[in-house]
Amino acid sequence: MSIQNVMVIGAGQMGSGIAQVCAMAGYKVYLNDLKEEFVQKGFASINKNLQRQVEKEKMTAEQKQEILSRLTASTDLQDAAQTDLVIEAAVENMKIKSDIFAKLDEITPEQTILATNTSSLPITEIAAATKRPEKVIGMHFMNPVPVMKLVEIIRGLATSDEVYQAIEDMTKTLKKVPVEVNDFPGFVSNRILMPMINEAIYTLYEGVAEKEAIDEVMKLGMNHPMGPLTLADFIGLDTCLYIMETLHEGFGDDKYRPCPLLRKYVKAGWLGRKTGRGFYSYEG
Ligand SMILES: CC(=O)CC(=O)SCCNC(=O)CCNC(=O)[C@H](O)C(C)(C)COP(=O)(O)OP(=O)(O)OC[C@H]1O[C@@H](n2cnc3c(N)ncnc32)[C@H](O)[C@@H]1OP(=O)(O)O
Ligand SMILES: NC(=O)C1=CN([C@@H]2O[C@H](COP(=O)(O)OP(=O)(O)OC[C@H]3O[C@@H](n4cnc5c(N)ncnc54)[C@H](OP(=O)(O)O)[C@@H]3O)[C@@H](O)[C@H]2O)C=CC1
């Protein structure tokens with residue numbers, strides 16, 4: 001299975017990062033989103049990251065241009081007809097992901113691998129939206145994608161060994177470290193990380209400490225690079241809530257109930273860094 005042409009769906013913080021690392025590794029990449037303005041926002045973020053590399057003299061201006069020339073904007077899913085691999089990074093919602101995968105199954109050649117960057121949803125269920133479940137796989141990158149080394153690779157029930165191997169090999173070409181895990185809610189990363197973040201939100205909700213104090217305890221006491229509330233803002237509070245709901249529903253265990261304060265913030269549209277306000281304010 002030779003992978004040369006890739007489409008990344010969703011030009012948000014994850015999709016733009018995935019498109020960047022794929023283009024840096026030499027792949028031709030379509031970056032797809034619903035509207036041109038979202039794709040352009042994704043491109044602006046890639047441009048900013050690469051420019052920082054040029055300024056730090058880790059890359060030349062020519063190399064930056066070369067990487068950018070491998071990226072093409074797309075607002076038409078039909079462009080996926082030209083690809084060997086699609087990596088979906090749209091919102092964390094089963095209906096949206098299933099719809100995208102059903103369409104991709106119609107559009108792409110039969111050998112195209114369909115991967116999802118879902119952070120918690122069952123790969124097996126997403127695969128069931130297609131007639132090629134053996135070619136559907138989870139490819140879970142970490143945020144910020146250009147910096148974080150891990151890619152959790154998740155096999156659905158029907159994922160073939162050949163597809164698993166192709167994705168493991170491709171991940172290595174991105175200079176990332178693949179780790180294989182099975183298809184259970186939240187996989188490994190978010191089954192462990194998100195209950196910790198949710199507990200930090202409960203700690204704030206119950207008035208145990210101020211938000212800054214909670215973050216400082218985990219940073220200085222446990223050597224975490226970011227406190228859990230800062231990290232929640234960084235991930236996106238909507239994504240944190242979707243993941244907790246998937247864990248809660250998937251395991252049927254109340255230990256995964258999302259904190260009411262998390263729900264309240266999401267209802268208010270305070271989604272963290274991406275909207276300028278979450279537990280902290282990022283305006284100005
Ligand atoms: C929810 C899920 O499904 C799964 C997830 O992703 S969970 C989230 C996982 N991620 C984390 O836990 C991140 C925790 N935070 C960190 O590791 C660090 O705070 C951090 C890497 C984000 C920033 O590190 P830092 O040392 O504070 O900042 P800084 O010195 O400015 O940056 C270090 C490097 O990262 C780069 N960087 C920082 N933020 C970046 C961003 N958003 N995008 C691209 N590059 C970035 C910097 O350019 C710098 O690069 P060089 O080494 O090439 O110069
Ligand atoms: N944030 C994180 O730390 C991590 C997130 N993930 C996962 O990655 C995925 C994306 O998350 P993230 O990048 O943070 O989210 P963002 O909200 O930053 O970006 C999602 C993007 O997808 C777009 N989108 C929504 N529906 C469609 C569609 N049908 N077709 C094309 N594009 C669409 C959105 O457009 P619009 O704004 O119009 O909705 C938005 O631009 C989620 O599944 C998430 O769980 C995985 C690892 C880490």
Side-chain angles (χ1 to χ4, degrees), residues 7-21 24 30-43 45-59 74-77 79-80 86-104 115-121 123 126 138-152 154 186-194 196-197 215 218-219 223-228 230-247 266 271-275 278:
M7 174 181 271
V8 178
I9 298 179
Q13 52 181 347
M14 293 307 290
S16 61
I18 296 167
Q20 178 185 326
V21 296
M24 286 173 78
Y30 282 107
L31 181 55
N32 172 281
D33 207 306
L34 298 169
K35 287 195 191 152
E36 179 69 24
E37 62 186 278
F38 300 143
V39 183
Q40 290 312 325
K41 213 169 144 203
F43 276 1
S45 150
I46 295 172
N47 195 43
K48 195 169 138 206
N49 284 341
L50 296 177
Q51 187 54 34
R52 209 167 43 220
Q53 297 291 89
V54 173
E55 278 154 21
K56 287 181 185 166
E57 296 185 356
K58 291 184 174 177
M59 177 183 288
S74 162
T75 49
D76 185 355
L77 218 50
D79 293 331
V86 180
I87 307 173
E88 171 278 321
V91 286
E92 189 72 350
N93 176 295
M94 181 54 87
K95 168 97 181 62
I96 290 174
K97 291 196 192 293
S98 296
D99 284 353
I100 292 173
F101 274 71
K103 284 186 194 146
L104 289 172
T116 171
N117 181 52
T118 177
S119 43
S120 61
L121 295 167
I123 306 304
I126 295 173
M139 212 178 169
H140 184 207
F141 291 82
M142 301 293 127
N143 187 12
V145 180
V147 180
M148 306 301 279
K149 284 283 168 216
L150 174 70
V151 180
E152 236 181 345
I154 309 109
F187 318 125
V188 172
S189 54
N190 282 319
R191 183 170 177 168
I192 299 173
L193 175 71
M194 213 43 78
M196 184 202 69
I197 288 178
D215 276 347
M218 297 306 286
K219 269 174 68 180
N223 242 359
H224 289 193
M226 284 175 170
T230 303
L231 183 57
D233 276 357
F234 183 62
I235 291 168
L237 300 189
D238 50 344
T239 302
C240 292
L241 179 58
Y242 297 145
I243 295 170
M244 283 312 295
E245 281 172 339
T246 304
L247 292 172
V266 172
L271 306 184
R273 217 181 261 218
K274 65 184 169 187
T275 57

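Both backbone and side-chain heavy atoms feed into the values below; hydrogens, waters and symmetry mates do not. In each ligand, atom 1 is the first atom listed, and ligand 1 is the first ligand listed.
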Problem set entry | Protein contact to atom 17 (O) of ligand 2 [nearest heavy atom, distance to 0.1 Å] | Lys274 NZ, 3.1 Å
For this session: Could you say whether the N/O atoms of Thr118 and ligand 2 ever approach to under 3.5 Å?
Result: no
Problem set entry | Top protein contact for atom 20 (C) of ligand 2, by heavy-atom distance | Ala89 O, 4.0 Å
Exercise. Under 3.5 Å, is there a donor-acceptor pair between the side chain of Thr275 and the main chain of Leu271?
Worked result: yes
Seminar exercise, completed: Output for pair (Ile18 CD1, Met139 CE), nearest 0.5 Å, gives 8.0 Å
Exercise. Hey, is atom 48 (O) of ligand 1 touched by any protein heavy atom at less than 4.0 Å?
Worked result: yes
Exercise. What protein heavy atom sits nearest atom 1 (N) of ligand 2, and how far away is it?
Worked result: Ile235 O, 2.8 Å
Exercise. Where is the tightest heavy-atom contact between Asp79 and Ser74, given as atom of each residue plus distance?
Worked result: OD2-OG, 2.8 Å
Problem set entry | Expected output: side-chain Lys97 to main-chain Val91 donor-acceptor under 3.5 Å | yes
Exercise. Based purely on interatomic distance, does Phe234 place a nitrogen or oxygen under 3.5 Å from a nitrogen or oxygen of ligand 2?
Worked result: no
Exercise. So, Gln13 versus Ser45: side-chain donor-acceptor pair below 3.5 Å or not?
Worked result: no
For this session: Look only at interatomic distance and state if Asp33 has a nitrogen or oxygen under 3.5 Å from any nitrogen or oxygen of ligand 2.
Result: yes
Seminar exercise, completed: Ranking Pro228, Ala232, Pro225, Pro144 by closest non-hydrogen atom to atom 17 (O) of ligand 1, top hit is Pro225
Exercise. Can you tell me the protein heavy atom closest to atom 36 (P) of ligand 2 and the distance?
Worked result: Phe38 CE1, 4.0 Å
Exercise. Hey, is ligand 2 close enough to Met14 that some N/O pair sits below 3.5 Å?
Worked result: yes
For this session: Considering only NZ, NE, NH1 and NH2 on the basic side and carboxylate oxygens on the acidic side, decide whether Lys95 and Asp99 come within less than 4.0 Å.
Result: yes
Exercise. Judged by non-hydrogen atoms, does His224 sit under 4.0 Å from ligand 1?
Worked result: no
Exercise. Any Lys/Arg nitrogen of Asp238 or Lys274 sitting under 4.0 Å from an Asp/Glu carboxylate oxygen of the other?
Worked result: yes
Exercise. Which atom pair, heavy atoms only, marks the closest approach of His140 to Ser189?
Worked result: CE1-OG, 3.2 Å
Exercise. Is Glu92 close to ligand 2, meaning an N/O of one under 3.5 Å from an N/O of the other?
Worked result: yes
For this session: Using protein heavy atoms only, decide if any is under 4.0 Å from atom 20 (C) of ligand 1.
Result: no
Seminar exercise, completed: So the atoms of ligand 1 within less than 4.0 Å of a heavy atom of Ser119 turn out to be 3 (O)
Exercise. Against heavy atoms of Ile9, which atoms of ligand 2 measure under 4.0 Å?
Worked result: 30 (N), 31 (C)
Problem set entry | Side-chain donor-acceptor contact under 3.5 Å, Glu88 with Thr116 | yes
Exercise. Is atom 9 (C) of ligand 1 less than 4.0 angstrom from some protein heavy atom?
Worked result: yes
Problem set entry | Distance-only N or O hit between ligand 2 and Asp238, under 3.5 Å | no
Exercise. Nearest protein heavy-atom contact for atom 19 (O) of ligand 2: which residue, which atom, what distance?
Worked result: Gly12 CA, 3.3 Å
Exercise. Would you say atom 23 (C) of ligand 1 touches the protein, meaning some protein heavy atom is under 4.0 Å from it?
Worked result: no
For this session: Identify the heavy atoms of Ala90 and Ile96 that sit nearest to each other, and give their distance.
Result: CB-CG2, 4.5 Å
Exercise. Counting heavy atoms only, which of Val147, Ile243, Ile235 is nearest atom 38 (C) of ligand 1?
Worked result: Val147
Exercise. What residue and heavy atom of the protein are closest to atom 2 (C) of ligand 1, and at what distance?
Worked result: Asn190 ND2, 3.4 Å
Problem set entry | Numbering as shown, the atoms of ligand 2 that approach His140 to under 4.0 Å (heavy-atom distance) | 46 (C), 47 (C)
Problem set entry | Under-4.0 Å heavy-atom contact between protein and atom 35 (O) of ligand 1 | yes
Seminar exercise, completed: For atom 4 (C) of ligand 1, the closest protein heavy atom turns out to be Met142 SD, 3.5 Å
For this session: Tell me which one of Gly10, Ala90, Ala11, Gly15 gets a heavy atom nearest to atom 10 (C) of ligand 2.
Result: Ala90
Problem set entry | Under 3.5 Å: donor-acceptor pair, side chain of Glu92, backbone of Ile243 | no
Problem set entry | Proximity to ligand 2 by part of Thr116, non-hydrogen separation under 4.0 Å | neither
For this session: For Leu193, take its heavy atoms, then give the atoms of ligand 1 lying under 4.0 Å from any of them.
Result: 7 (S)
Problem set entry | Polar contact flag for Thr239 and ligand 2 (N/O pairs, less than 3.5 Å) | no
For this session: Please write down residue, atom name and distance for the protein heavy atom closest to atom 30 (N) of ligand 2.
Result: Leu34 CD2, 3.5 Å
Exercise. Quick one: which ligand 1 atoms are inside 4.0 Å of a heavy atom on Gln53?
Worked result: 53 (O)
For this session: Pick, from Thr118, Asn49, Ile46, Asn143, the option with the minimum heavy-atom distance to atom 6 (O) of ligand 1.
Result: Asn143
Problem set entry | Nearest atoms (heavy-atom pairs only) where Ile235 meets Cys240 | CG2-SG, 4.0 Å
Problem set entry | Distance from atom 47 (C) of ligand 2 to nearest protein heavy atom, with residue and atom | Phe141 O, 3.1 Å
For this session: Enumerate the atoms of ligand 1 whose separation from the nearest heavy atom of Leu231 is less than 4.0 angstrom.
Result: 8 (C), 11 (C), 12 (O)
Problem set entry | Option with minimal heavy-atom separation from atom 50 (O) of ligand 1, where the choices are Arg52, Met148, Glu55, Lys56 | Lys56
Problem set entry | 4.0 Å protein heavy-atom contact status of atom 30 (O) of ligand 1, strictly under | no
Problem set entry | Atom CD of Glu55: over 12 foreign heavy atoms under 6.0 Å | yes
Exercise. For atom 45 (N) of ligand 1, is the nearest protein heavy atom under 4.0 Å away?
Worked result: yes
Exercise. Would you say atom 26 (O) of ligand 1 touches the protein, meaning some protein heavy atom is under 4.0 Å from it?
Worked result: no
Exercise. Which atoms of ligand 1 are found less than 4.0 Å from any heavy atom of Lys58?
Worked result: 51 (P), 52 (O), 53 (O), 54 (O)
Problem set entry | Worked check of side chain to side chain donor-acceptor pair (under 3.5 Å) between Ser120 and Asn190 | CA-CA 7 Å; Ser120 61; Asn190 282 319; over 6 Å; no
Exercise. Has Lys41 got any heavy atom lying under 4.0 angstrom from an atom of ligand 2?
Worked result: no
Exercise. What closest approach, in Å, do Leu31 and Gly15 show between heavy atoms, and which atom pair accounts for it?
Worked result: CD1-O, 3.9 Å
Exercise. For ligand 1, which part of Thr239 has a heavy atom less than 4.0 Å away: the side chain, the backbone, both, or neither?
Worked result: neither
Exercise. Looking at ligand 2, does Gly236 have a heavy atom less than 4.0 Å from it?
Worked result: no
Exercise. So which protein heavy atom does atom 18 (O) of ligand 2 come closest to, and at what separation?
Worked result: Gln13 N, 3.2 Å
